[in-house]
Every structure is written in structure tokens, then in C-alpha cells.
Amino acid sequence: MPPPQSAEALDVPQRTSSRQSSSVALSAVDPALQMIAEGICELLGFGIAVVNVVRGNELEVVAINGVVSGLNAHGERETAEEILGTLWPLSNLHDDLSRGENWGAWRFIPHEQGVLHEGSWVATTNMIDAPDAWHPHDMLIAPIFGGDGSVQGCISVDMPVSGRRPDFTQRRVLNRFAKRAQRVVLGYLERERLYERAANLETAKEFLRDASSKLSLADVLDASHDALIRGLGADGIWMATKGPHNEMVVHATPGLSWEPDPGLASLTSRNTSRYWAEGTYSILCRERVIDSSDWSEQAAVAREFFETLGAASALVVPVGADHEWLGHIVLLRSPGRPTWTDAEGRLAMELGRDFGRIVLTANAYTQERDLAQHLAEADRERNRLIQAVARELRIPVNALGTSLNALSGEPVNTLPWIVQVETLTVRSAQIEGIVSDLLLLSRIRDPANVPGETTIEVSEMLDDVLDELDPDAAQKDIECVLTTPTGPAYVVGDPRELRAAFLHLVKNALTYSHRGSRVQVMLYSAGNEVTIIIADAGVGISDEEQSKVFEPFYRGTNSALGGSRGAGLGLTLVELITRRHLGLVELDSRPGEGTRVALTLPGV
């Protein structure tokens, strides 16, 4: 019980008046706690001892020894059984402890500093005439702390048999006793929590068994629904949890029609993220949403949520695992059902932790599955690349070997020798082009290689590209015309990559154009965009093939009009380079009429 001065401090109703000193055996009290109270009285020489434990924001008297009955402040007699189970504000204990002298595991509050709270009792004992006499208003309290440092309860004593305040030797004995008693009280509280969870043990097992066997988050949510409904006595559930790619996945009881409001969803995420960090939850009633500081900014929408779903109260519980917040569960009850309690909130928090671990497992499975698919696709792509490279290089390499053999048998500077040398030159250039494209493809596919940021005058680069390809155009008598109706245009990017893209587009136009035709290169600048258009009047591309031409190593069925076709990497490189520069490639082609490619880039 609280020291004579404050029932609040010890959580025991301290009553004014004479008390009959005698042991009290209370059958409803936990035997271990009762032994603590009895031991303090019988072994340590005190007339009364009380054990209190925290219940939310209050302290409850759970064991008492040394008093059979007494008179309260109104002159009414009360028994120890009536004192047992009474509740006292936890804040009163904190007040008393802040004023107390540190005696190790105990705090001594002399009567000069004590404050009598409402409900306090005062023992009426005859004080002895001595400097160290125990005053009826003196208090001696041993706070009990949990592993996180929070107060979990306290032990209070009063009426020392000697009539004196404990001396140094007695304090040492008291400290040793208090440390052992603390372990007993904490064990009692842990057993209580286990008993509370045991009431829903079968449901929790079913929840874990059903949900943890699922491999996707959607299946986990479906499997968890009925278990949460049964285990927590909810009429409906609204869940939102992080998916494998950090997207929020929403699940609700079938029939709950509520289009998620962005403002309320955002507030719920903020609140429950904080709840997870603090290890708490929230209980809301439809009529009192406005009174909650956590939800007042969305009170109107929250009330609409309740009304739309026909709910009267909600228990909002965070979902997470370890230090990671993963979402929330909103458990709903209909009008006429009991409002959610703190005990149910604590149980829901336990399930929220279990559920969070299952969500993590499901997300990890999905991520591993997606990664395996990506790796398998990358492996297939690598094999396709190896096969395509081998195929593309085989012809020019074989031709090189043939030409070298033929060259060795021809006299130098004769016509056959010159023909073989020209063949060697063409095939070498072809191999060099394939290797160059492969290296560029590897470079731009590497996420670590970001494009350069050089300011480029596009018309000058296009002029340079046309100059390089002028011999190819002249060989087919094709006129390449560059027009810049809007004048100079500037972009920021990687010169090597952009030049390669322009070069491939013009080279494709020359390869598939008729002899004596024209290839038009047009440059436009409008607003924040620069557009380069390359148009020819060549063989064109069928509708079926237009969706495939950007795939690596794809070569259409139409034949090149003179010269040789490339390795099928040109348009692949063009699209990848344009995408890296935050641009867009558009292709428009008709068989027999020609092809038009528009490349649009952000301008400067």
C-alpha cells in the first residue's frame, strides 16, 4: 500500500484511522506477490506492505499484508479485500518519486516533502520520542522498472515495528529484498501478458499457419482476414501494407465500399508510422473523432469513413517488423458492439507484429521470384547476344580467311590481288563496326555509366555526320539534304552517343534507299524540345516488323539496296541512347514508300 501519506504513491488506499495489525490471507492474490508483502512485514519488520502494478496510466493494488480493516476518512470501516484491486493515478507515483531521497532500490519521502493525494490514508500510530522516529506521513517506496526503463509497479511499506526510520544496515537488507521482489513482480506481469495472449492462442496459430503458407502478399491478406475477424471480434477490416516494391497494397472486408481518400490515407500512414516507432495504437469513435489530436485534421473525412462503412468504432494498429513500419490495420465494429479496449489494442499490436513478419516474408519471396525471373531473362539475353555476335561475325571472319588465302596466291598489284585487298578492307570495316556497336551497347546498358553533359549544337553534329557518310551517298548517287527551318538548336548530352544515334539513322536511310533518291535530314527547335527527322523514300518497313526493329540484332526481311546490312543493332542503340537522354523515338514507315524517323530531345 502507499505509505501512510499517499495511497497514490503506493497505489494503496491509505485511510485515516486506526488499523488492526494482522496478516491477511487473500485467496485471489497471486501467491508470489502475497509472499513479497508478507516477507516485508514478517522479515523486515514493517506493519503494512503493498504491491502495486501498472495498468495503463494507473496503478493497481495487487497484494497487501498487515491490515485486516480500518476506518476511512469518512469514518467507515473498510477491509483489506476492499482495498485490494483499487486503482491510483500513475502520475502520483512519479510525483512522489521525484521528491524522494535515493536509498538505492527505495525512495524515502519524509513527511516534510510529502503531499497527500485524494484517497490517501494515514496510519495512526504512536510516534516514539527520538530524532529518527518514523512519522505517520513518512513514505518508503521501491519503484519497479521494466527492461525499457519504464515504471511497471512499486512496493510501498509503512509502520516500522521499531518506530524508527531504517538505519544503514536495515537499508542494505531492504535493497536486497527489493531487487529480488522486482524480479518476481516482473515475472508476474509477463505471466499476465502470456495469459492474455493465451485466450486467443488458437486463433493466432491459425492466423500464422494459414497466412505464412501463402507466397504472395495478396494471398497473405486474404488468408489473414478471417483469422483477424475471429481472433479480435471485428465486424470489418481495412488493411494497407507495403508491397514488394514499396507500393501500398490495400485489402478490405468484402462489401466495404470506400474509395480511399488521399488525405486520410496519407494521415493514417503518418500516424501509424509514428505508432509503430512508439509501440502504440489508436482507438477512434465516430462521434469523437474531432476530439483526437492525431485525427482532427481529417475529422470530416474520418467521420464519412465511419458512416460509409456503417462502423461505430475503430482500432487503428500499425503493422511492422523489427524497426520497419509496413502499414496498418483498421479493425471496425458496428453500432451496438462494445468499443475497443486497451487490452484488445495490446493484443492487436502483437498480431500486428506477427503479421508484419509474414508480410516481409511474402514480399521477400516476391522479390526473390522477380529477381530470379530477371536473372533468367538476363541469362537468355546473354545467350542470344553470344549467338547473334557469333552469327554476325562468322560471315565477315570467314570472308577474311578466304580473301587472305586467295591473296597469298596472287601476284602483288595485279587486278585479282587488288580485288582481294578491297574485300579484306570491307570485311575488316564490317567487323570493326560490329565490335564498335557491341562496345557502345555494353556501355549504355551499364547503369553506372551515365551520359555526359556537354552542350551540343545539333546542326553542326548533323553536318559532320553527313560529311562522314558522303562517300556512301555518292556511291549510290543519293542526295543528303540538311534543313534547319528554325535555325540552330542546342541540347545537353553525351556527344559520342548522340553522334552514334544520328549516324545510324542516316546510314539506315542510305542503306535502304533507291539509287538516285534523296534522304532528308530536318532539324526543328520549338519551346523546350529539339526534333531531328530523317526521312527517305526507300523500301520501307511492314507494319508487322515495325514493333521489332528496335530489338537487338533484328534485321527486317527487306533487302538492302546496295551495300550490306548491319548487325541489327543500329535502331536498338538509337532507342537506348535517346531514352538515356530523356528523349523519344518515333518511327513511321510504309512498304515501298519509305521511312520517317523522328528523334525528340529536351532542348537548351
Side-chain angles (χ1 to χ4, degrees), residues 55-57 193 196-197 199-201 203-204 206-208 211 220-221 224-242 248-256 258 260-261 264-299 301-321 325-359:
R55 305 292 192 207
N57 293 322
R193 285 189 283 268
E196 184 179 22
R197 286 198 295 268
N200 290 278
L201 183 59
T203 299
E206 181 181 357
F207 164 70
L208 291 171
V220 165
L221 296 176
S224 305
H225 178 271
D226 290 345
L228 289 170
I229 287 283
R230 290 194 301 272
L232 296 170
D235 296 321
I237 294 178
W238 186 277
M239 290 186 280
T241 56
K242 284 185 183 180
M248 294 303 290
V249 179
V250 176
H251 175 88
T253 297
L256 293 185
W258 165 259
D261 177 82
L264 183 58
S266 176
L267 178 62
T268 304
S269 294
R270 292 200 307 273
N271 283 343
T272 55
S273 176
R274 176 169 55 82
Y275 292 165
W276 179 253
E278 297 174 354
T280 187
Y281 50 87
S282 177
I283 296 175
L284 288 174
C285 295
R286 182 196 301 187
E287 299 80 6
R288 299 199 300 272
V289 175
I290 193 64
D291 299 331
S292 172
S293 59
D294 285 357
W295 304 93
S296 57
E297 70 177 74
Q298 289 287 334
V301 180
R303 279 198 299 267
E304 182 184 351
F305 172 82
F306 278 114
E307 291 165 5
T308 302
L309 302 183
S313 65
L315 175 58
V316 184
V317 181
V319 171
W325 169 82
L326 295 170
H328 52 265
I329 301 174
V330 181
L331 299 152
L332 304 169
R333 278 184 178 163
S334 306
R337 293 288 312 283
T339 300
W340 294 98
T341 65
D342 286 329
E344 291 170 324
R346 290 193 296 272
L347 178 59
M349 284 291 295
E350 291 291 330
L351 292 180
R353 283 186 278 271
D354 293 337
F355 184 59
R357 287 189 286 271
I358 293 171
V359 169

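Every heavy atom of this structure was used, including side-chain atoms; hydrogens, water molecules and symmetry mates were not.
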Could you walk me through whether Y275 and H328 pass the side-chain contact (heavy atoms from CB on, under 4.5 Å) test, one step at a time? CA-CA 10 Å; Y275 292 165; H328 52 265; over 6 Å; no

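From M239, atom CE reaches atom CZ of F355 across 5.0 Å, with rounding to the nearest 0.5 Å. Residue T268 holds its OG1 atom at 8.0 Å from CZ of F305, rounded to the nearest 0.5 Å. To the nearest 0.5 Å, atoms CE (M349) and CG (L315) are separated by 10.0 Å. Remark: I329 CD1 to W238 CH2 distance equals 14.0 Å, nearest 0.5 Å.
Nearest heavy atom pair, residue T272 against residue G327, reads OG1-O, 4.1 Å. Shortest non-hydrogen contact noted between G356 and L326 is O-CD1, 3.4 Å. Nearest approach of A314 to W340, heavy atoms of both residues: C-CD1, 3.6 Å. Residues L331 and A234 share a closest heavy-atom pair of CD2-CB, 4.0 Å. Shortest non-hydrogen contact noted between R286 and P335 is NH2-CG, 4.4 Å.
Screening residues 328-340 for salt bridge (charged side-chain N to carboxylate O under 4.0 Å, His left out), with sequence neighbours left out, gives D235-R337, R333-E344.
Contact check for W325 versus R274: no side-chain heavy atoms found under the 4.5 Å cut-off. Here the side chains of V316 and N271 are not in contact, with every heavy-atom distance at 4.5 Å or above. Here the side chains of C285 and F306 are not in contact, with every heavy-atom distance at 4.5 Å or above.
For the residue pair R288 / S292, no side-chain donor-acceptor distance below 3.5 Å is found, with atom types taken as modelled.
With sequence neighbours left out, E304 forms a salt bridge (charged side-chain N to carboxylate O under 4.0 Å, His left out) with no residue at all.
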For residues 276-283, tabulate all N or O donor-acceptor pairs below 3.5 Å that involve a side-chain atom, not counting sequence neighbours.
from : atom 1 : to   : atom 2 : distance (Å)
W276 : NE1    : D322 : O      : 3.3
Y281 : OH     : D342 : O      : 3.1
Y281 : OH     : D342 : OD1    : 3.1
S282 : OG     : W295 : NE1    : 3.2

